[in-house]
Colleague: 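I am attaching a structure below and will ask some questions about it afterwards.
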Amino acid sequence: FFPSDSSWDAAYERELQTFQDIGDAGEIWFGEESMVRIIKWLEKQKVPHDSAVLDIGTGNGVLLIELAKSGYTNLTGIDYSPSAIQLSEKVREKEGMSDIKLKVEDFLAPSAELSGFEICIDKGTFDAISLNPDNAVGKRKQYVRSLCSVLKPEGFFLITSCNWTKEELLNEFREGFEILEELPTPKFCFGGRIGNSVTALVFQRK
């Protein structure tokens with residue numbers, strides 16, 4: 001279940017209020033382990049700490065904070081919800097991470113200066129776009145086009161999804177991307193069958 005655009009904004013406004021009241025950054029989509037998984041992969045690949053990293057649909061910006069704490073210095077977060085960006089700005093100030101860049105941007109219509117990234121990270125934004133009742137297929141295609149325009153050739157795209165299987169994601173990103181690896185995610189057991197609730201893949205732009 002993913003809420004509609006206006007209720008995303010409402011959700012972030014609530015989190016913004018909570019953060020102002022008690023200093024809690026709120027929901028971390030997919031939890032702590034998905035952030036650890038992303039950072040571990042970047043470190044294993046020896047991705048230089050000054051690589052340009054874009055967090056697509058940054059929400060409360062907590063992933064960027066964790067990346068900054070791990071030594072990454074060229075970090076940008078975008079979200080089309082102004083409340084999310086306000087929230088991540090507050091989290092950034094609280095953590096004293098003033099060099100993280102945050103922008104209100106619609107990834108399906110990115111501004112010209114959103115380009116030249118070596119790493120793009122998505123935790124749940126592609127899921128949310130995919131479930132938009134209004135022309136979801138067209139929006140997914142536009143997402144892939146946007147990704148091609150912001151990510152440098154040979155750049156890495158790390159996606160965490162709870163809606164799509166590995167095979168479906170390979171199909172969605174077949175234009176312009178190749179799979180490098182699947183990252184291990186927690187498995188769940190339902191009715192005696194083992195399945196994955198979350199898929200995490202690393203693509204490389206051709």
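Predicted, not measured: the structure shown is a model, and the values here were computed from it.
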Colleague: Hydrophobic cluster membership, with links at side-chain heavy-atom distances under 4.5 Å among I/L/V/M/F/W/Y: are Ile159 and Leu108 in one?
Modeller: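 Hydrophobic grouping puts Ile159 with Leu108.
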
Colleague: If we only count heavy atoms from C-beta on, is the Tyr72 to Leu42 side-chain gap below 4.5 Å?
Modeller: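 Side-chain contact under 4.5 Å: yes.
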
Colleague: What distance do His49 atom NE2 and Leu67 atom CG have between them, rounded to the nearest 0.5 Å?
Modeller: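 It is 9.0 Å, given to the nearest 0.5 Å.
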
Colleague: Measure from the side-chain N and O atoms of Glu178 to the backbone N and O of Gln204, and report whether any donor-acceptor pair falls under 3.5 Å.
Modeller: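 Side chain of Glu178 to backbone of Gln204: no pair is present.
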
Colleague: If you compare all heavy atoms of Asp55 against all heavy atoms of Leu64, which two are closest, and at what distance to 0.1 Å?
Modeller: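 Reported closest heavy-atom pair: CB-CD2, 3.7 Å.
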
Colleague: For Glu168, what residues pass the side-chain contact (heavy atoms from CB on, under 4.5 Å) criterion, not counting sequence neighbours?
Modeller: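 Partners of Glu168 under the side-chain contact (heavy atoms from CB on, under 4.5 Å) test: Trp164, Thr165.
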
Colleague: Is the side chain of Arg37 donor-acceptor paired with the backbone N or O of Leu183 at a distance under 3.5 Å, no angle test?
Modeller: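 It does not hold such a pair.
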
Colleague: Examine Trp41 and Leu201 and state if one hydrophobic cluster contains both, with Ile, Leu, Val, Met, Phe, Trp and Tyr joined whenever side-chain heavy atoms are less than 4.5 Å apart.
Modeller: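 Not linked; separate clusters.
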
Colleague: Using the ring-ring contact (aromatic ring centres under 6.0 Å, His included) criterion, which residues pair with Phe117? Sequence neighbours excluded.
Modeller: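 Per chain and number, Phe117 pairs via ring-ring contact (aromatic ring centres under 6.0 Å, His included) with no residue.
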
Colleague: Angle class for the Phe203/Phe177 ring planes (parallel below 30°, perpendicular above 60°, tilted otherwise)?
Modeller: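 Aromatic pair Phe203/Phe177 classed perpendicular.
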
Colleague: Is it the case that atom NZ in Lys206 sees more than 12 heavy atoms from other parts of the structure closer than 6.0 Å?
Modeller: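 Yes - once you tally the heavy atoms of other residues, nucleotides and ligands closer than 6.0 Å, there are more than 12.
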
Colleague: Quick check: closest heavy atoms across Cys120 and Ile56, and the distance to 0.1 Å?
Modeller: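 Closest approach of Cys120 to Ile56, heavy atoms only: CB-CD1, 4.0 Å.
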
Colleague: Establish whether Val202 and Val150 are linked, either directly or via other cluster members, by ILVMFWY side-chain heavy-atom contacts under 4.5 Å.
Modeller: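 In one cluster: no.
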
Colleague: How would you list, by chain and number, every residue that makes a ring-ring contact (aromatic ring centres under 6.0 Å, His included) with Phe107, sequence neighbours excluded?
Modeller: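 Counting only residues at least two positions away or on another chain, Phe107 forms a ring-ring contact (aromatic ring centres under 6.0 Å, His included) with Tyr143.
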
Colleague: Under a 4.5 Å cut-off applied to non-hydrogen side-chain atoms, are Thr160 and Val198 in contact?
Modeller: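 The answer is yes, as the side chains (C-beta and beyond) meet within the 4.5 Å cut-off.
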
Colleague: State plainly whether one hydrophobic cluster holds both Tyr80 and Leu114, where clusters connect Ile, Leu, Val, Met, Phe, Trp and Tyr through side-chain heavy atoms under 4.5 angstrom apart.
Modeller: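 Different clusters.
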
Colleague: Might you work through the side chain to side chain donor-acceptor pair (under 3.5 Å) test for Asp127 and Ser161, ending with a clear yes or no?
Modeller: CA-CA 6 Å; Asp127 286 354; Ser161 168; 2.7 Å; yes

Colleague: Please test Gln142 against Ser146 for side chain to side chain donor-acceptor pair (under 3.5 Å), starting from the C-alpha separation and ending with a verdict.
Modeller: CA-CA 6 Å; Gln142 181 53 54; Ser146 294; 3.3 Å; yes

Colleague: Could you tell me whether the side chain of Asp79 and the main chain of Gly59 form a donor-acceptor pair under 3.5 Å?
Modeller: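 Side chain of Asp79 to backbone of Gly59, a donor-acceptor pair under 3.5 Å: yes, one is there.
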
Colleague: I'd like to know whether NZ of Lys103 has more than 12 heavy-atom contacts from other residues, nucleotides or ligands below 6.0 angstrom.
Modeller: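 Atom NZ in Lys103 is packed in, count exceeds 12.
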
Colleague: With salt bridge (charged side-chain N to carboxylate O under 4.0 Å, His left out) as the rule and sequence neighbours excluded, what pairs involving residues 131-151 come up?
Modeller: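 Sorted pair list: Asp134-Lys139, Arg140-Glu172.
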
Colleague: Considering non-hydrogen atoms only, spot the tightest contact between Val104 and Pro82 and give its length.
Modeller: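 Of all heavy-atom pairs spanning Val104 and Pro82, the closest is CG2-CA, 3.9 Å.
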
Colleague: In chain order, what residues pass the side-chain hydrogen bond (donor to acceptor under 3.5 Å, both in side chains) check against Asn171, with sequence neighbours excluded?
Modeller: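 With neighbours one apart ignored, the set is Arg174.
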
Colleague: Please round to the nearest 0.5 Å and tell me the distance separating atom CG of Leu147 and atom CZ of Phe157.
Modeller: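 Rounded to the nearest 0.5 Å, the CG-CZ separation comes to 5.0 Å.
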
Colleague: Could you give the distance from CG (Leu75) to CG (Leu102), rounded to the nearest 0.5 Å?
Modeller: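 Leu75 CG to Leu102 CG: 9.5 Å, rounded to 0.5 Å.
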
Colleague: Below 6.0 angstrom between ring centroids: does that apply to Phe126 and Phe173?
Modeller: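 Close enough - the centres of the two rings lie under 6.0 Å apart.
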
Colleague: Check for me, please, whether Val62 and Val53 land in the same ILVMFWY cluster - side-chain distances under 4.5 Å, paths through other members count.
Modeller: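 Linked within one cluster.
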
Colleague: Supply the atom-to-atom distance Leu170 CG to Glu167 CD, rounded to the nearest 0.5 angstrom.
Modeller: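 It comes to 6.5 Å.
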
Colleague: What are the two closest heavy atoms between Lys152 and Gly116, and how far apart are they?
Modeller: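 Closest approach of Lys152 to Gly116, heavy atoms only: CE-O, 3.5 Å.
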
Colleague: Please collect all side-chain hydrogen bond (donor to acceptor under 3.5 Å, both in side chains) contacts where either partner lies in residues 106-118, sequence neighbours excluded, each pair once.
Modeller: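 Those involving residues 106-118 are Glu105-Ser111.
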
Colleague: Rounded to the nearest 0.5 Å, what separation is found between the NZ atom of Lys123 and the CG atom of Leu63?
Modeller: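 Going from the NZ atom of Lys123 to the CG atom of Leu63 covers 4.5 Å.
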
Colleague: What's the separation between atom CD1 in Ile38 and atom NZ in Lys40, rounded to the nearest 0.5 Å?
Modeller: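 Here the rounded value is 12.5 Å.
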
